[in-house]
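Here the structure is a predicted model, which means the values were calculated and not measured. The basis for the numbers below is simple: all heavy atoms, side chains too, and nothing from hydrogens, waters or symmetry mates.
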Amino acid sequence: VPVNIHHFYLTGVIEAPEKYTDMVHTLKTAEEHDTVYIYINGPGGHLSTAIQIINAIRNSSAQVITVLEGEAYSADSLIFLAGHKLVVNPYISFMIHKYSHGVEGKGSDVTSQVVFTERYYDQIAYGIYKDVLSSEEIAHMLNGKDFWFTAEELVKRLRDNGREVITSDEVETML
């Protein structure tokens, strides 16, 4: 059985979805004996792109390993948590906060979009951040509080919530 290993790098701002077509395609077409590594070091970006990548990871037949190499803020933090296996390197920084966006249009359109986005993001936050934050902390985040984590703090919270996390020290002992 041929085994394929793929590597993708999410560095810098997460941009519009069309920039990530190759990665999403690979995730969707990879087979169960394949492995896809996604290396993350970025300040966040487009939520719609992050959601497309997360859905591709969750639906991938391959084993998807997300590797935190620097910072993972906002949209990058969501993508990182979607991995089947998580690798946390030392000296990383991880930040969770409420979404940012702008809206244009008629007043009624703006109100409708803001009300929808609040409901939509609440669903995302409670569904994805539950591996790092308690329900009470998620509620605080949705009210504007930012949460920052070092590598050690992040690994502890993830493991306490049952996630498989590999540190770079553990990777070295596996080799």
Side-chain angles (χ1 to χ4, degrees), residues 3-89 92 94-103 112-135 137-139 141-142 146-147 149 154 157-159 161-166:
V3 174
N4 296 302
I5 299 174
H6 306 276
H7 300 272
F8 294 97
Y9 296 83
L10 295 179
T11 55
V13 174
I14 301 293
E15 298 180 54
E18 62 269 12
K19 300 262 186 177
Y20 305 91
T21 304
D22 289 340
M23 179 174 57
V24 169
H25 175 74
T26 299
L27 288 163
K28 288 182 177 208
T29 59
E31 298 180 7
E32 66 184 34
H33 49 270
D34 295 337
T35 301
V36 178
Y37 289 89
I38 302 174
Y39 303 92
I40 299 171
N41 185 9
H46 288 237
L47 180 60
S48 64
T49 303
I51 296 303
Q52 183 179 25
I53 294 169
I54 289 165
N55 287 332
I57 291 169
R58 288 187 170 177
N59 294 316
S60 183
S61 296
Q63 175 171 252
V64 181
I65 301 171
T66 52
V67 182
L68 186 45
E69 295 200 309
E71 61 186 26
Y73 303 160
S74 194
D76 283 297
S77 70
L78 292 165
I79 294 168
F80 172 73
L81 292 171
H84 303 148
K85 287 189 178 180
L86 310 174
V87 176
V88 177
N89 283 288
I92 60 86
F94 189 86
M95 190 268 290
I96 297 171
H97 73 118
K98 189 170 183 170
Y99 70 91
S100 300
H101 80 127
V103 183
S112 295
Q113 185 174 357
V114 169
V115 167
F116 168 77
T117 303
E118 289 288 310
R119 193 174 77 243
Y120 173 68
Y121 191 74
D122 286 359
Q123 179 185 27
I124 292 166
Y126 282 103
I128 296 176
Y129 287 133
K130 68 184 178 343
D131 291 339
V132 179
L133 301 176
S134 68
S135 293
E137 289 172 323
I138 293 171
M141 180 271 293
L142 292 171
D146 295 349
F147 287 87
F149 300 96
L154 181 61
R157 282 182 176 245
L158 289 167
R159 286 182 174 162
N161 285 301
R163 291 299 303 266
E164 181 175 353
V165 183
I166 303 165

query: Is atom CD of Q123 surrounded by more than 12 heavy atoms (other residues, nucleotides or ligands) closer than 6.0 Å?
result: no
task: Can you measure from CG (N59) to NZ (K28) and round to the nearest 0.5 angstrom?
output: 7.5 Å
query: Quick check, are the ring centers of Y39 and H7 under 6.0 angstrom apart?
result: yes
4.5 Å side-chain heavy-atom contact, I5 and D34: no
field: Interatomic spacing from CD1 in I54 to CG in L27 - rounded to 0.5 Å
entry: 11.5 Å
Expected output: side-chain H101 to main-chain T117 donor-acceptor under 3.5 Å: no
- prompt: Between CG of D122 and CZ of R119, what distance do you get to the nearest 0.5 Å?
  reply: 9.5 Å
message: Is it true that, when you exclude H33 itself, more than 12 heavy atoms of the residues, nucleotides or ligands shown sit nearer than 6.0 Å to its NE2?
response: yes
field: Approximate separation, where rounding is to 0.5 Å, of S77 OG and M95 CE
entry: 7.5 Å
- prompt: Have H97 and S74 got a donor and an acceptor in their side chains that come within less than 3.5 Å?
  reply: yes
message: Could you go through L158 and V132, starting from their C-alpha distance and side-chain angles, then the distance that decides it, and tell me whether this counts as side chain to side chain contact (heavy atoms under 4.5 Å, CB included)?
response: CA-CA 6 Å; L158 289 167; V132 179; 3.7 Å; yes
- prompt: Is it true that a side-chain atom of R159 and a backbone atom of E164 form a donor plus acceptor pair closer than 3.5 Å?
  reply: no
task: Using a 4.5 Å cut-off on heavy atoms from C-beta on, say whether the side chain of K85 contacts that of V64.
output: no
query: What is the distance from atom CE of M23 to atom CD1 of I79, rounded to the nearest 0.5 Å?
result: 6.5 Å
- prompt: Roughly how far, to the nearest 0.5 Å, is the CZ atom of R58 from the CD1 atom of I51?
  reply: 8.5 Å
- prompt: Between N41 and Y9, is any pair of side-chain heavy atoms under 4.5 Å apart?
  reply: no
Between Y99 and E118: side-chain donor-acceptor atoms closer than 3.5 Å: yes
message: Could you check whether any side-chain N or O of K130 sits under 3.5 Å from a backbone N or O of G127, counting only pairs where one atom can act as donor and the other as acceptor?
response: yes
query: Can you check whether H6 reaches Y37 side chain to side chain, under 4.5 Å on heavy atoms?
result: no
- request: Answer yes or no: is there a side-chain heavy-atom contact under 4.5 Å between I124 and L47?
  value: yes
message: Over 60° means perpendicular and under 30° means parallel, so tell me whether F80 and F94 are parallel, tilted or perpendicular.
response: perpendicular
- request: List the steps and the verdict of salt bridge (charged side-chain N to carboxylate O under 4.0 Å, His left out) for E137 and R157.
  value: CA-CA 13 Å; E137 289 172 323; R157 282 182 176 245; 2.8 Å; yes
message: Less than 4.5 Å apart, side chain to side chain, heavy atoms only: is that true for I166 and I65?
response: no
